[in-house]
S.K.: 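I have a structure here, written as structure tokens, and I will follow up with some questions on it.
The chain is numbered in sequence order, starting from 1. The figures that follow rest on heavy atoms only: side chains count, while hydrogens, waters and symmetry mates do not. Order of listing sets the numbers, starting from 1, for every ligand and every atom in it.
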Amino acid sequence: MLGACFESDDIFLILAQTACSRYSATQYMKILGIETSCDETAICFVEAEGIFGSDFRFQILGNALYSQIAIHAPWGGVFPNLAKREHAKNLVPLLERVLSTARLQTRGESLTVPTKAELEAILSREPELFEMLETFLKTHVKPWIDAIAVTAGPGLEPALWVGVNFARALSLLWNVPIIAVNHLEGHIAMAGMNGDRIVKFEFPALALIISGGHTEIDLVREWPRFETIGGTRDDAVGEAFDKVARMLGIPYPGGAELSKLSAKARQYGIVTKEKLPRPMLREDNFDFSFSGLKSAVRRIVDDRTLNDDEKMAIALEFENAVADVLATKMTRAAEEYSAKALLVGGGVSANAFIKQRLAESLDIPVLAPPAELATDNALMIALAGYFHALKYEFANPATLRANGNLRLGTPL
Ligand code: KG4
Ligand code: ZN
């Protein structure tokens with residue numbers, strides 16, 4: 001039984017080697033993805049086969065996501081400990097839903113005493129989750145899965161820990177290896193998604209991550225290896241969108257709604273006389289700064305009651321400013337690094353105007369996920385995990401840690 005040896009590195013090696021012996025370069029695998037880095041609790045069960053950027057296809061066997069947005073919205077941001085509590089409450093129901101969609105609900109069995117003690121130790125900070133898992137086990141046996149992929153960072157650390165500990169518990173119960181996934185890599189893995197495939201493209205590629213918490217450019221010579229060449233010095237793009245949206249009276253997270261206002265202004269030709277800056281546009285680097293842009297909006301908005309047309313016009317000018325900066329910097333980066341494709345990911349990659357501007361400015365394929373898969377989800381974690389499993393890159397469940405500041409390119 002694996003349980004008794006869970007803390008042992010030897011057993012971790014045996015587990016990983018068993019997994020290795022099952023896999024080859026393009027092996028068909030079933031992966032369970034778990035995402036809890038921020039305010040979405042998500043679980044996805046996929047089967048996948050192929051190589052990233054070449055022949056790759058997948059099928060979603062079960063997928064469930066619970067968004068906590070409504071819970072955090074009144075505070076205008078995400079409360080880490082509230083997010084943690086909600087994740088702990090929702091993981092087991094979501095897992096049940098995923099397994100039942102995948103028709104994997106069967107009779108279960110009770111925990112043996114040593115396994116129960118070990119599970120309790122792993123989930124000592126999530127006692128409610130432990131109790132739910134124990135009940136779950138009475139009606140479910142181990143599904144056929146090859147590995148569990150879990151977001152290990154970056155994100156809100158208390159929230160990340162819940163997913164990591166849940167993955168460690170399932171790994172122990174089901175005797176399957178864990179893949180620790182960088183959340184940002186998950187976003188980028190979705191860039192070329194087209195139906196049940198990732199489209200073919202050539203390396204070196206550039207990755208542009210534009211999310212609520214991160215904005216950075218990475219050079220990707222091969223998948224999944226990243227070299228960061230630039231990033232924001234202050235606010236992330238999504239953060240700036242959300243803060244400006246709030247100034248215009250749009251509740252958190254307002255990025256998508258702000259973009260709708262901007263699209264209306266574009267459609268009706270409504271413009272503002274007040275021009276916003278394009279920060280760091282001409283600087284000879286690949287860094288960004290969005291907090292000055294946000295403050296410039298605040299200066300326009302403060303002490304004024306804006307009518308609907310004025311709000312639309314400011315939304316438009318703001319979105320134009322962001323798009324100008326991103327398109328200009330990415331065009332230069334693509335030239336400098338002779339990139340053959342741009343992979344865009346993160347919540348803001350749902351923004352149709354920004355995608356359009358990037359596609360018009362760059363003369364290489366610009367790949368972005370379908371809008372509904374641009375924001376946080378567990379499919380991206382399962383798929384990113386699959387590519388690590390192909391390379392036999394598994395985490396040691398005994399030593400796996402959540403890391404809120406995890407950087408892209410840091411080995412896990
Ligand atoms: O990647 P994500 O789901 O969470 C993080 O990992 O941060 O990104 C969420 C961010 C939020 O800031 C949200 O306002 C923004 O993505 N977002 C958008 C759009 N859709 C989502 N920003 C601009 N335009 C959109 N259409
Ligand atoms: Zn994200």
S.K.: Is the shortest N/O to N/O distance between D242 and ligand 1 below 3.5 Å?
M.R.: yes
S.K.: Looking at ligand 1, does H214 have a heavy atom less than 4.0 Å from it?
M.R.: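 Checking ligand 1 against H214, which is what was asked, there is no heavy-atom contact under 4.0 Å.
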S.K.: Is there a heavy atom in C38 that sits closer than 4.0 Å to ligand 1?
M.R.: no
S.K.: Would you indicate which of P253, G255, G347 comes nearest to atom 20 (N) of ligand 1 when only heavy atoms are counted?
M.R.: G347
S.K.: For atom 25 (C) of ligand 1, which of A256, S211, A374 has the closest heavy atom?
M.R.: A256
S.K.: Establish, yes or no, whether the cationic atom of R197 lies under 6.0 Å from the six-membered ring centre of F56 and within 45° of the ring axis.
M.R.: no
S.K.: Need the ligand 1 atom indices (1-based, order shown) with element for anything under 4.0 Å from a heavy-atom of G238.
M.R.: 12 (O)
S.K.: Quick check for you: within a radius under 2.8 Å, how many protein N, O or S atoms neighbour the Zn ion (ligand 2)?
M.R.: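 That number is 3, waters not included.
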S.K.: Angle class for the H140/F136 ring planes (parallel below 30°, perpendicular above 60°, tilted otherwise)?
M.R.: parallel
S.K.: Within ligand 1, which atoms have a heavy atom of H183 less than 4.0 Å away?
M.R.: 6 (O)
S.K.: Is a side-chain donor or acceptor of E96 paired with a backbone partner of V98 at a separation under 3.5 angstrom?
M.R.: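 Between the backbone of V98 and the side chain of E96 there is no qualifying donor-acceptor contact (under 3.5 Å).
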S.K.: State plainly whether the residues E157 and K84 are in salt-bridge range, i.e. N to O under 4.0 Å.
M.R.: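 Salt bridge absent between E157 and K84.
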S.K.: Near G212, which atoms of ligand 1 are under 4.0 Å from a heavy atom of that residue?
M.R.: 5 (C), 7 (O), 8 (O), 9 (C), 10 (C), 12 (O)
